[in-house]
**Student:** 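What follows is a structure written as structure tokens; I'll ask about it next.
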Amino acid sequence: MAIKLPAGFEDMLPADAGFYQEFVALAQRVFATYGYEPVITPQVELTDLFVRGIGEATDVVSKEMFTAISGENLATLLAGGTVKAKSRLTLRPEGTAGVVRAVVEHDLVPQGAGPVKLMYAGPMFRAERPQKGRLRQFNQIGIECLGAEAPSVDAEGIVMLMRFFRQVGIPQESMVLLLNSMGCDDCRTPYREAVRDFVRRHADRMCPQCLERAETNPLRAFDCKNEGCRAVMADAPRITDWLCEPCRGHHDAVRSYLAAAGVDYAEDPTLVRGLDYYTRTVFEVQALDTNSAQNAIGGGGRYDRLAEEVGGRPTPGFGFALGFERCRIALEAAGVSVERPTSCDVFVATIEDAQRAAAFALVQRLRDAGVHADMNHQERSLKGQMKLANKLAARRVVVLGPDELAQGAAVVRDMGSHAERTVELDRMVEVLAAEVRGAEAPAPEA
Ligand code: HAM
């Protein structure tokens with residue numbers, strides 16, 4: 001039986017992969033105008049980084065990590081031996097912890113230095129139950145800004161994300177931006193206690209999972225999908241009523257920057273996010289109209305304690321990540337084309353095998369001139385070669401035949417209009433390269 005792809009994983013075939021690359025390149029261009037530079041960190045980190053950074057009680061760490069044990073003797077382990085911390089490796093479930101580790105490890109924000117702005121794109125891995133919009137390997141594009149505490153950093157990041165979504169083609173009216181503050185240790189600790197108390201007081205109406213989590217991570221009850229829990233949590237204490245003065249000031253400032261930038265948002269005091277490192281600003285962008293339960297296309301927030309958590313000096317941070325596959329669903333729902341099939345500029349066909357060497361040489365010269373050119377490599381009649389040219393979506397076909405070649409020329413057929421003309425071989429590359437460049441030139445402004 002043929003071996004298939006495991007559930008929750010996807011192949012990106014050429015047309016999809018082409019769109020992904022274009023999507024990442026656009027993000028890179030947009031984010032660069034805000035000063036973000038690319039960073040590439042490994043897809044594997046020590047398990048401890050995620051346990052400490054994301055939080056042991058989160059779903060991501062407690063049940064969704066792909067963890068491997070490297071370089072240990074399996075027989076010793078099975079006999080009850082312990083695994084050294086340095087041998088416990090995990091496929092990254094998200095990008096923030098790794099980037100913050102790299103910033104700390106390479107001292108990218110020396111004492112008193114201005115912020116460092118980094119962007120990344122690549123696969124993340126979570127052993128979640130697969131469904132539409134929820135994969136076990138998915139691609140994120142994210143940014144992290146470390147070394148600045150100001151609320152303008154948060155607002156700038158959110159504005160940048162919304163701008164990117166619009167530029168990529170997600171209609172404004174099919175997205176909603178939800179905003180909240182998680183406060184800081186000072187205000188969140190008593191708030192968490194208040195929510196825990198509240199859940200315990202309503203224990204008879206809450207699901208067993210919320211009750212269990214009330215002990216470790218009571219705020220997760222806000223994310224429970226159970227109708228009974230949702231009804232109870234609608235009356236739970238709201239973080240907005242518990243924020244300390246500095247956190248309230250920060251939140252108000254973010255809101256006024258967003259308003260000044262003309263970015264619409266909805267306050268959502270129940271937005272808690274699933275990762276433990278957040279302090280103050282948290283936000284999420286949800287796509288409407290996708291018919292998918294997994295409608296968060298991006299999200300992030302501030303994490304002022306994370307650098308210390310991974311062993312660095314206090315360094316405030318802010319960032320977000322967006323999910324490529326969920327954006328693709330949102331774009332499809334909006335009727336935006338998400339495939340980038342390639343087409344060949346020039347296909348060189350031969351009437352007889354005798355012209356193959358000439359075809360081979362012409363194709364090379366066209367490629368040297370930057371033209372996407374191809375030829376037949378199998379036994380095929382001219383008709384068969386025309387079929388192949390069609391399959392490659394070739395725009396032009398050069399037909400090399402004995403009579404024309406003898407006169408130093410060849411026939412060029414335009415596959416759109418079917419018009420044919422004879423072009424001298426000496427000028428062929430120059431003529432076709434100019435036409436291809438002309439087709440690529442941007443249309444003059446009206
Ligand atoms: P997150 O909300 O866990 O945040 O993930 C960001 C985005 O990744 C989500 O909004 C969603 O679009 C996508 N995503 C998450 N899980 C899946 C999945 N299983 N399948 C498909 N797409 C998924 C973070 O990861 C944080 N690191 C964001 C951040 C950066 N916060 C601060 N800096």
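Here, residue 1 is the first one in the sequence, and each next residue gets the next number. One-based numbering, in listed order, for ligands and for the atoms of each.
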**Student:** With no hydrogens and no angle check, just 3.5 Å: does a side-chain donor-acceptor pair link T96 and Y277?
**Tutor:**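 A pair is found: one side chain offers a donor N or O, the other an acceptor, under 3.5 Å apart.
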**Student:** How about E22: does its CD atom have over 12 heavy atoms from other parts shown lying under 6.0 Å from it?
**Tutor:**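 Yes, because the 6.0 Å sphere around CD of E22 holds more than 12 heavy atoms from other groups.
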**Student:** Using a strict 4.0 Å cut-off to heavy atoms of A296, name the atoms of ligand 1 that fall inside it.
**Tutor:**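 Checking each atom against A296, I get 9 (C), 10 (O), 11 (C), 12 (O).
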**Student:** Tell me, which protein residue and heavy-atom name are nearest atom 8 (O) of ligand 1, and how many Å apart are they?
**Tutor:**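 Atom 8 (O) of ligand 1 sits closest to the protein heavy atom Q140 NE2, 3.2 Å.
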**Student:** Enumerate the atoms of ligand 1 whose separation from the nearest heavy atom of E144 is less than 4.0 angstrom.
**Tutor:**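 Taking each heavy atom of E144 in turn, ligand 1 has 30 (C), 32 (C), 33 (N) under 4.0 Å.
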**Student:** Which of these, G299, G142, A330, has its nearest heavy atom closest to atom 28 (C) of ligand 1?
**Tutor:**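 The nearest heavy atom belongs to G299.
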**Student:** More than 12 heavy atoms of other residues, nucleotides or ligands under 6.0 Å from CD1 of I40: yes or no?
**Tutor:**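 Not buried by this count: 12 neighbours or fewer within 6.0 Å.
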**Student:** Specify the closest pair of heavy atoms between V195 and P218, including all atoms of both residues, with the distance to one decimal.
**Tutor:**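 The answer is CG1-O, 3.9 Å.
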**Student:** Any idea which atoms of ligand 1 are less than 4.0 Å away from a heavy-atom of T96?
**Tutor:**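 Selected atoms, number and element: 26 (C), 27 (N), 29 (C), 30 (C), 31 (N), 32 (C), 33 (N).
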**Student:** If only atom types and distance count, is the side chain of N217 paired as donor or acceptor with the main-chain N or O of R220 below 3.5 Å?
**Tutor:**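 No, N217 side chain to R220 backbone: no donor-acceptor pair under 3.5 Å.
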**Student:** Non-hydrogen atoms of F318 versus ligand 1: any pair closer than 4.0 Å?
**Tutor:**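 Distance cut 4.0 Å: F318 fails for ligand 1.
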**Student:** Give the atoms of ligand 1, by number and element, whose distance to some non-hydrogen atom of E94 is under 4.0 Å.
**Tutor:**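 Close to E94: 25 (O), 26 (C), 27 (N).
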**Student:** I want to check something: taking the side chain as every heavy atom from C-beta on, are M124 and N139 in contact at a cut-off of under 4.5 Å?
**Tutor:**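 No, every pair of side-chain atoms sits at 4.5 Å or beyond.
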**Student:** Under a 3.5 Å threshold, yes or no: a donor from one side chain and an acceptor from the other, between D235 and H202?
**Tutor:**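 Judged by distance alone, the side chains do not pair up.
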**Student:** Among all protein heavy atoms, pick the one closest to atom 14 (N) of ligand 1 and tell me residue, atom and distance.
**Tutor:**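 Protein heavy atom at minimum distance: F138 CE1, 3.5 Å.
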**Student:** I need the contact type for L275 against ligand 1. Using non-hydrogen atoms and a strict under-4.0 Å cut-off, is it side chain, backbone, both or neither?
**Tutor:**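 For L275, only side-chain atoms sit under 4.0 Å from ligand 1.
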**Student:** Side-chain contact, heavy-atom cut-off 4.5 Å: F138 with R326?
**Tutor:**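 The answer is no, as the side chains (C-beta and beyond) never meet within the 4.5 Å cut-off.
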**Student:** With a 4.5 Å limit on heavy-atom distance, are the side chains of M162 and M175 in contact?
**Tutor:**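 Yes, side chains in contact.
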**Student:** What residue and heavy atom of the protein are closest to atom 21 (C) of ligand 1, and at what distance?
**Tutor:**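 Answer, as residue, atom name and distance: G133 O, 3.3 Å.
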**Student:** Which ligand 1 atoms are under 4.0 Å away from a heavy-atom of R134?
**Tutor:**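 Once the distances to R134 are compared, the set is 19 (N), 20 (N).
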**Student:** Using a strict 4.0 Å threshold on nitrogen-to-oxygen distance, state whether R213 and D59 make a salt bridge.
**Tutor:**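 Salt bridge between R213 and D59, a charged N being under 4.0 Å from a carboxylate O: yes.
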**Student:** Pairs of nitrogen or oxygen atoms closer than 3.5 Å, one from L135 and one from ligand 1: do any exist?
**Tutor:**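 Right, the criterion is met.
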**Student:** Look only at interatomic distance and state if Y277 has a nitrogen or oxygen under 3.5 Å from any nitrogen or oxygen of ligand 1.
**Tutor:**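 So ligand 1 has an N or O lying under 3.5 Å from an N or O of Y277.
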**Student:** Which of the numbered atoms in ligand 1 are under 4.0 angstrom from any heavy atom belonging to Y303?
**Tutor:**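 By the 4.0 Å cutoff, the relevant atoms are 32 (C), 33 (N).
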**Student:** In the protein, which heavy atom is nearest to atom 13 (C) of ligand 1, and how far is it?
**Tutor:**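 Atom 13 (C) of ligand 1 sits closest to the protein heavy atom G323 CA, 3.7 Å.
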**Student:** Which option, Q294, R273, R126, owns the non-hydrogen atom nearest atom 3 (O) of ligand 1?
**Tutor:**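 Considering heavy atoms of Q294, R273, R126, the nearest to atom 3 (O) of ligand 1 sits in R126.
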**Student:** Tell me if the aromatic rings of F125 and F9 count as close, with their centers under 6.0 Å from one another.
**Tutor:**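 Centroid separation for F125 and F9: 6.0 Å or greater.
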**Student:** Within the 4.0 Å heavy-atom shell around Y278, which atoms of ligand 1 are there?
**Tutor:**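 Within the 4.0 Å cut-off of Y278, ligand 1 contributes 26 (C), 28 (C), 29 (C), 31 (N), 32 (C).
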**Student:** Under 4.0 Å from any heavy atom of E128, which atoms of ligand 1 are there?
**Tutor:**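 This gives 16 (N), 18 (C), 19 (N) as the contact atoms.
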**Student:** Only heavy atoms count here, so choose which of C327, G317, G298 is nearest to atom 10 (O) of ligand 1.
**Tutor:**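 It is G298 that holds the nearest heavy atom.
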**Student:** So among E309, E144, R280, which one has a side-chain hydrogen bond (donor to acceptor under 3.5 Å, both in side chains) with Y303?
**Tutor:**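 Among E309, E144, R280, the one that satisfies the side-chain hydrogen bond (donor to acceptor under 3.5 Å, both in side chains) with Y303 is E144.
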